[in-house]
Amino acid sequence: ANAFERSSVKSMKIPKTVKKIKEATFKSSSLNAIEFENGSTLDGVDKEAFYGTSITSVTLPNGTVSIGESAFKNCNSMTTANLSYVEKIGTEAFSGCANLKDIAWSTQLKEVGDNAFSGCKIAELTWGEKNSAWLADVTWGSNVFEKCTALKKVDFSNWDTHNVTSFQLMFDNCYALTEAYININTAGKTSGVKIDRMFHMNTSWKSQLSTVEINGDFSNVINGNNADSFQMFRHCCNLSSLKLNHVNMIANAPSTNYRTAIDTTATSKAFGKCNGFGTMFQECQNIVNIPGIENWDTSNSKSFYQMFYMCKKLGESPDPEKPNPNTPDFSNWDTHSVNNPLNGDKNTSNTFNHMFCDCQSLEEVNLTINTSGKENINMYRMFYNNKALKSATINGDLSKVITVEDMFRECNQATNISITNYSMTSDTSSTNYTTSSKINNAFESSKSFGGMFLNCSTLPYLDLSSFNTKNCAGST
């Protein structure tokens, strides 16, 4: 180990008697060329073996079982890597290889670690039908292709992902990515499949992603992050074509068979295991509709914080003279699990606040809500600045909402806002509000109603009979 660390050696031919490149052997050296003698069989490359060197390419010999953590990290001059025999690629193995664009993948690959190719120059990831069967047995870490800012296309439509347990942050901050096609099958994955922040972008104006199509079984998709930070498409401001096509599939069936491997006895819905949808579509300014959203299972969600914040075209009508086919239907969403996910701090409670804020094309919303038994439910600016909103109907138990400030502020086209409160038990689906009795204690936990209906200038009538303002200490 460390034999040539920080040395001035420029090139090296490794004799076939060497069976392993040990930890930090060439770390931070001046090495720019590496060659393995014909007939070499290498067991592995250990942690940081070539870290920070100037090698331009590497071809690992037959028998190379594993590449250790950060083995080639920050090799900024590397452009090609032949990994044809590698079974395991460790965490951050090629992370920061800013010019690495050509990779020969191994058909014996079994494991890819976290951030393995983060920050590389890969331009396209496409696995065709003939050479992708081996990928079904690969275990993937999180952030695998994070910050691959040259990546433009991902076509995994022929990749069987039924064994994958995490897509978490897989394409995080891949700003040049324009299209992605993936199939998944989470049926039978009772521990869940992480998919949060899959296409997350830190800066919205940089994102080029316009088309995403994901087909398969979403029943065991989970949010591996906290409830208010799902962020699956956060800041994808150019995303205009989105298809999340859920079908109930047979457990362990290849995800590529989503059209035929149908479980006709299953009744699970998309996202039924997801604990929160916070910021899922935040600043997706060009999404007009999300097919199938009316059938999502939201019964385990603790937070809808900023879920559609600044989705300015969501529900945009193609013809104002005709019924709007793009109006999303949320009437069957069960919200009875919503709860403050941030340790009871009422000042940072993120539950419903800003959920539809600045959705300037949304004309109608019908929601059922059950806050019974919960604490610190926040509806601050929930519909703020929804310039096209004409009708909003909210039914359920609203007794534990702590703030409704600016809830409908600037909804200056609204002609109908209906809020009806019911006395519900904490474990009752919010959609079953009609089985409960009406009671006039909506917002009884709220201390301020300031700006709730400010500038709702077209609202002809408002029934506040179900409101209880006994704890109000601020402006109404």
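Computed over heavy atoms, backbone and side chain alike; hydrogens, waters and symmetry mates excluded. By convention here, the first residue in the shown sequence is residue 1.
Closest of all the heavy-atom pairs between S95 and N115 is CB-O, 3.4 Å. What you find for I222 and F230 is that their closest heavy atoms are O-CE1, 4.2 Å. What you find for V138 and E111 is that their closest heavy atoms are CG1-N, 4.2 Å.
Taking the six-membered ring for Trp and the full ring otherwise, F156 and F167 have centroids separated by 6.0 Å or more. In this structure, F304 has its ring center at least 6.0 angstrom away from the ring center of F330. Residues W159 and W140 place their aromatic rings such that the two centres sit under 6.0 Å apart.
Here C75 contributes atom SG and Y51 contributes atom OH; the two are 9.5 Å apart, rounded to the nearest 0.5 Å.
Counting heavy atoms from C-beta on, the side chains of S299 and S429 never come closer than 4.5 Å. Q360 is listed as a side-chain neighbour of N385, based on a closest heavy-atom distance under 4.5 Å. In this structure, the side chains of I67 and K88 stay at 4.5 Å or more apart for every pair of heavy atoms. Side-chain contact between N202 and Y175 is present, with heavy atoms from C-beta onward closer than 4.5 Å. The shortest side-chain heavy-atom distance between K194 and S142 does not fall under the 4.5 Å cut-off.
Distance alone, capped at 3.5 Å, places no donor-acceptor pair between the S361 side chain and the E316 backbone. Within the 3.5 Å criterion, the main-chain N or O of S268 finds a donor-acceptor partner in the side chain of H246.
Taking 4.0 Å as the cut-off between side-chain N and carboxylate O, R381 and D406 count as a salt-bridged pair.
When the options N300, T298, T351 are evaluated for a side chain to side chain contact (heavy atoms under 4.5 Å, CB included) with V338, the one that passes is T351. Between S57 and the options T80, I34, N82, a side chain to side chain contact (heavy atoms under 4.5 Å, CB included) holds for only T80.
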